[in-house]
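Let me begin by presenting the structure, written as structure tokens, before commenting on it.
Throughout, protein chains are lettered first and strands after them, A, B, ... in sequence-line order, and every chain is numbered starting at 1.
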Amino acid sequence: MSHISPVIWQFLVKWMTNFALFPPEASKIAPQMDALYFFMVLVSLIGLTIVVLLVISFSILYNRKRHPVAVQIEGSTLLEATWTIIPLGLFLVMFVWGALIYFRVFTPPANAMNIYVVGKQWMWKVEHPGGQHEINALHVPEGRAVQLTMISQDVFHSLSIPAFRVKREAIPGRYTTVWFEATTPGTYHLFCTQYCGTNHSQMTGDVVVMTQEDYRKWLASSTSGESLAQNGERLFASLSCAACHNTRPDARGPSLANVYGAKLTLSSGGAVIADEAYLREAILNPSQHITQGYAPIMPTYQGQISEEGVIALIEYIKHLDSDYRVEQTLTTTDMLPEGEGATPAGKASAGNAPAAKGMVKP
Amino acid sequence: MQDSAVVAQGARNAAAMADHAHGGHPTYLLHHFNSVEQQADASSFAMWLFLLTEVMFFGGMFVVYLIYRNWYYPAFVAGSRQLNVALGGINSALLITSSFTMTLAVWNARMRRKGGMILCLVLTFALGAVFLGVKGAEYKEKFEKHHVPGEHYSLQSFLNPDSDPAAAGTRPLPLDEARHTELFFSLYFAMTGMHALHMIIGMGLMAYILFRARGGAYTAGHTAFVEYFGMYWHFVDIVWIFLFPLLYLINRH
Amino acid sequence: MSEPREQAEHIVSPWIYAAVYLALLAGVAATIAASRMNLGILNPILALSIAFAQAALVTVYSMHLKWSTKLNKLSVGACAFIYCFLIAMVLLDYTSRAWGQW
Amino acid sequence: MSTSTIVRLPDQSTARIPKDNFITRENGLLSWLLTRDHKRIGILYLISITFFFFIGGALAGLIRLELLTPQTDLMAVDTYNKVFTMHGVIMIFFFLVPSVPATLGNFFLPMMIGAKDLALPRVNLLSWYLYMAGGILALYAMITGGVDTGWTFTTPLSTHYVNTNVITTGLAIFIAGFSSIFTGLNFIVTIHKMRAPGMTWFRLPLFVWANYAASILMVLGTPVLAVALVLVVLERAFGIGVFDPARGGDPLLFQHLFWFYSHPAVYIMILPGMGVISEVISTFSRKRVFGYTAVAFSSVAIAVFGFFVWAHHMFIMGVSNYAVLVFSLLTMLVAVPSAIKIFNWTFTLYKGSITFETPILYAFGFMGLFTIGGMTGVFLGTSGTDIHLTETYFIVAHFHFVMVGGMLMAFLAGIHFWWPKMTGRMYPEKISQFAAVVTFIGFNLTFFPQFILGTLGMPRRYASYPPEFQILNVFSTAGATILGVGYLLPILYLTWSLRYGAIAGDNPWQATGLEWQSQSPPLTENFTVMPVMDHEAYDYEWLEQQQERENQKEVASAG
């Protein structure tokens, strides 16, 4: 070994650093998924061993030298039934087990904190409710359920965090969600795993898991000064949404106070829960989502608001928990000429704006 | 090396093969078939299978149609209203009639009536041509009204129905719904376009059949090719039978 | 040379074709008439039923499926089955996407 | 009797290749280009498929070279994307789908059922021309700028976000699809209508059953791919917006249609390979396939269930969770027939009389690798683990285990098995056994590390990757080099054997199939006398009796 070339040695050292055969388990779901994974590895190994051992031992026992005349056997219903039913049973176990995990990964708990992710060629844009923006990075606290609400503004992307064992496509035109609860502080890979064009392989980033305290510090230090909801409020004002969506008795649109999470009856007769997906649709394709009792007069905002804008609006609507807030926006809109309203509007509502810790909807 | 048992038991067939070699079978029997029945069964089965692939081909588009029609029903209604039921109905009648004349062409071929067969085929061809002409006129109208999906697609007829006689009196669509009419027309052009392409291919084949039929090619007992072409033509008819109500007649009351 | 058996069986009276033809034309008329009535959800169902009936007539009589081999009939059935499955499975996705909140 | 080989060759000093055979019957290029003989078309396919295989293989080599280092240093990212796209397109549509059916199937399926040709010889020739037209168009697309959508043509990427030759490639696949449809259609009709007297369904060789099942998939699946591609092409060419989310279209709908074909396509690729394995294992263990009926029906079961599992490619793409449940369950069901096959093959060896010529070495390779490939498929069909493993190198490794480890091994097994019948000459045994072992080692070294890479989370279709994945990628590239040697060797020695190989005689393997009861290479009309099937498939006792009778006749005539 002493004669090993320094160049090769250098490579070996480089390769062996961080070399792993199995990814770290850094989320609550990871050990659960790995249990199933190793169960399946075990079953596969047993199956493979059986096949290989049988092939080898038959090859030895029944090769032509030792066993010159083959014994013709038609088959054996019992044996065949065995190797039909046992694999089927095992596969069904895997199916049920897998389905349980699948539903767990894609059913966020009610108290999860929400972070928005917008995928575009070729970067991940992360929007925290507190107004923190990140590109190709995602900071999350440990020990808190985090829900990612994702959308793509161009092609299919797929957000993958191998250490958390979660992955979900960000698709154009529709929100998808995934959630996780990080358990170990550290920095992990973030990949786009759905081929999305030229720089697909550069659409990577880091997921930084921090202790709750560090996370709070990080939030405070990287805020842009304006929360997502405040941003949305400004948009709400500049798009004159409040001209219809207000609390006046003659309002042409329904009041949006407390609308998030409420069950709405639509003019088409159907009922719907006003979640993020519904709110997005109602902004971009309003006439198909008219609340009962209102005329279909809302114009579409498709092409006028970016995906981030829609997210800000939704975040704003989510925080409208009283008519007072709507009024507040209304007043600011009335008070200020359009365009100039940015900073003062922000200030005006700063007092009402939810603090970072109030992000979770009770 | 042919083993003896096979030789012994194949004697019957060997005789059949010798028979074949001596021209004991009709000339249209291809060398690798043993009998006319086998050839007829095999080729008709093949034709059916081919038509089933066509079913799956158009079937794919019908799946797309089904989904979007349910998603964007108002847009599909408005889009459908832009289509001319009269022209569509006439086209249905034309195609059904051509299908009828096609069956008669096959019947004439089987009865070995060359004149009748050619007449029926010419009629079929003419009806097909008129169908395509009507279709062309409809396409032209869509083109002029900028209802062809793409950059120049115009929403005027849906946003201001009164500006367009075809839509006059209907409720104007909000912008977001009006935009989805483009999907309707995308499907309209994709489906009718693929249908028209099949008709054009069919008419090319028909021209070939007519060319050969003058020499009596199909009226001497071997009608298979005309029959299979007839099946293809009927299939094209069936596609239209579905396209007509699905595209032209959405919510017409 | 005797007339081959298969083909002899196939010759169908033109009157059957004529009857099918008239039935098909009536079908077109019925489809248009049905579309003029307001039947709600029944409108597309009725239109499709007429279309299926027409298609069945064409397949069975004009395309001679009725006089065709069992194998051909079976193949048509198999294709219809697979196609129905395609529709059913795609619809399964689309109709159940909104169930619950994901 | 107790020799280690079953090969029984005629006396080389006197043996001659029969003067009249399908190769010598007619001469000249035109006699090949206008041939309707299924055997000649099979040879045409074999040559063209080998050509496309090596193009696809060269592209694979480029991919592996690029991935040797974590940075993008061999080629630009753009080029890399084009290379892996063309690798996928060429390997799937121009090699794997037609590989066994169009070459070995074309050549041997009619002979196995005792027919003189496929039912539609002209359509068969047409399908070769369509294949070539599609292939040349795909090459043209590759040379004039390539295409970088990935072989899956995911919308809206393929419709609105790339500027490469999507239309040309789409049309190339469309045309090649027709070739596939016609081959499948021809096989189905032939198997139904052209069987020799006595050749009942349960006397068919399992190769025929497997091809029958694959043909059903080709005939009913391919048109749906065709329509999906047509809609993509129309969307690009004329701006119709069926799958455009900006206009309200649903890009997932494209994937439904695409995978409705492209998942069954996996079975189109693997089923004929399984057929080859059945033939090979039976022949070299001198035993009827264990549980013939189960193996036959498992092929059909795979074909039928194969249609109903396509959405397992879309588990994380926002399909309904309930649909995921159903598709995951059906995926589990489709895994069972494959397991049945593996175990039935294994037990075919039981109390057999096994010899170890090249074809069965490849077949053993197939069994091992397909077991791994199939089991990892269950990992991906299980909705929970699919979340972590999909879209990573795990899936790349999985389908290469099935496609390359399974299908290509089966293809090579079949080529070696039937080579004496096709050419009348034996391939050199020792070097081909060596090549089989090299292929097996090279394959495992190439693709096994990719399972680990995938588990670690390395995404597929990445031109660059985090440095800690390098060591496994280096293994993989090294393995690919060995694998490349393993594939080049057969080309060399098989070409060599065309001239210098030992004269094979009619039935060097003492196999029972009808194709072996004719001369090698066969006559244009396959059989001098129409065969009558008076025994079950894989009836080795019948074969022995035949041979004894032959010997007695020879002795009698000599005396």
Side-chain angles (χ1 to χ4, degrees), chain B residues 1-14 16-17 30-34 38-39 41-50 52-61 63-64 67-68 71-72 75 148-153 176-177 179-180 182-183 185-190 193-194, chain D residues 110 115-121 123 181-182 184-186 188-190 192-194 196-198 219-224 226-228 230-231 234-235 238-242 247-250 253 256-257 260 505-507 517-519 525 527-532 534 542 545-547 549-550 553:
Chain B
M1 190 213 293
Q2 198 67 44
D3 57 78
S4 50
V6 169
V7 174
Q9 299 196 5
R12 180 173 53 90
N13 305 285
M17 286 176 83
L30 295 170
H31 73 96
H32 58 290
F33 289 110
N34 293 320
Q38 190 190 23
Q39 177 168 336
D41 275 3
S43 45
S44 88
F45 182 37
M47 190 63 207
W48 275 104
L49 283 180
F50 177 71
L52 295 183
T53 68
E54 291 277 25
V55 169
M56 295 305 282
F57 181 86
F58 279 99
M61 283 196 268
V63 171
V64 178
I67 301 294
Y68 292 147
W71 274 13
Y72 305 125
V148 181
E151 269 175 46
H152 304 291
Y153 188 75
D176 53 334
E177 272 176 13
R179 278 181 183 160
H180 295 142
E182 198 175 352
L183 270 180
F185 282 106
S186 291
L187 280 172
Y188 168 77
F189 279 103
M194 277 297 139
Chain D
K116 278 174 267 181
D117 204 330
L118 284 173
L120 312 162
V123 173
I181 288 176
F182 285 141
L185 190 151
N186 224 334
I188 296 180
V189 176
T190 308
H192 269 286
K193 299 291 181 190
M194 307 286 286
V219 165
L220 292 180
T222 319
V224 181
V227 76
V230 162
L231 289 173
L234 287 178
E235 191 155 343
F238 302 110
I240 76 164
V242 178
R247 290 187 243 188
D250 184 12
L253 193 51
H256 272 300
L257 295 181
F260 181 79
D506 293 349
N507 194 355
Q517 317 308 325
S518 138
Q519 67 172 39
E525 55 271 22
F527 304 98
T528 43
V529 178
M530 176 187 267
V532 170
D534 58 351
W542 167 85
Q545 289 165 9
Q546 290 305 315
Q547 281 165 347
R549 228 171 287 163
E550 293 274 330
K553 229 194 286 173

TODO: Begin from the C-alpha positions of B:Val63 and D:Val224 and carry the test side-chain contact (heavy atoms from CB on, under 4.5 Å) through to its verdict.
DONE: CA-CA 10 Å; B:Val63 171; D:Val224 181; over 6 Å; no
Open item on the list: So which residue, B:Arg179, B:Met194, B:Glu182, ends up with the most heavy-atom pairs under 4.5 Å with chain D?
Closed with: B:Glu182
Open item on the list: So for B:Tyr68, is it side chain, backbone, both, or neither that comes closer than 4.5 Å to the heavy atoms of chain D?
Closed with: side chain
TODO: Begin from the C-alpha positions of D:Trp542 and D:Asp534 and carry the test side-chain contact (heavy atoms from CB on, under 4.5 Å) through to its verdict.
DONE: CA-CA 9 Å; D:Trp542 167 85; D:Asp534 58 351; 3.5 Å; yes
TODO: Determine whether D:Thr222 and B:Thr53 make a side-chain contact, defined as any pair of heavy atoms from C-beta on separated by less than 4.5 Å.
DONE: no
- [ ] Show the numbers, then the answer: is there a side-chain contact (heavy atoms from CB on, under 4.5 Å) between D:Lys116 and B:Phe33?
- [x] CA-CA 8 Å; D:Lys116 278 174 267 181; B:Phe33 289 110; over 6 Å; no
Task: Side chain, backbone, both or neither of D:Leu185 within contact of chain B (heavy atoms, under 4.5 Å) - done: both
Task: Validation row: B:Asn34, D:Met530 side chains within 4.5 angstrom (heavy atoms) - done: yes
TODO: Using a cut-off of under 4.5 Å on heavy-atom pairs, state which of B:Trp71, B:Phe185, B:Tyr153, B:Phe189 scores highest against chain D.
DONE: B:Trp71
Open item on the list: Nearest 0.5 angstrom please: B:Met47 CE to D:Leu120 CG, how far?
Closed with: 11.0 Å
Open item on the list: Quick check on D:Val123 against chain B: is it the side chain, the backbone, both or neither that has a heavy atom closer than 4.5 Å?
Closed with: neither
Task: Approximate separation, where rounding is to 0.5 Å, of D:Lys193 NZ and B:Phe45 CZ - done: 7.0 Å
Task: D:Phe238 and B:Val148, any side-chain heavy atoms less than 4.5 Å apart - done: no
Task: chain B contact via D:Ala115 - which portion, at a heavy-atom distance below 4.5 Å - done: neither
- [ ] Just give me the residue among D:Glu235, D:His192, D:Gln547, D:Arg247 that pairs up with chain B most often, heavy atom to heavy atom, under 4.5 Å.
- [x] D:Arg247
- [ ] Check each atom of D:Asn186 against the heavy atoms of chain B and say whether the ones under 4.5 Å are side chain, backbone, both or neither.
- [x] neither
Open item on the list: Under 4.5 Å from any heavy atom of chain D, what part of B:Phe50 do you find: side chain, backbone, both or neither?
Closed with: both
Task: Residue D:Ile188 versus chain B: region with a heavy atom under 4.5 Å - done: both
Open item on the list: Report which part of B:Ile67 has an atom under 4.5 Å of a heavy atom belonging to chain D: side chain, backbone, both, or neither.
Closed with: side chain
- [ ] Under 4.5 Å heavy-atom distance to chain B, tell me which part of D:Leu220 shows up: side chain, backbone, both or neither.
- [x] both
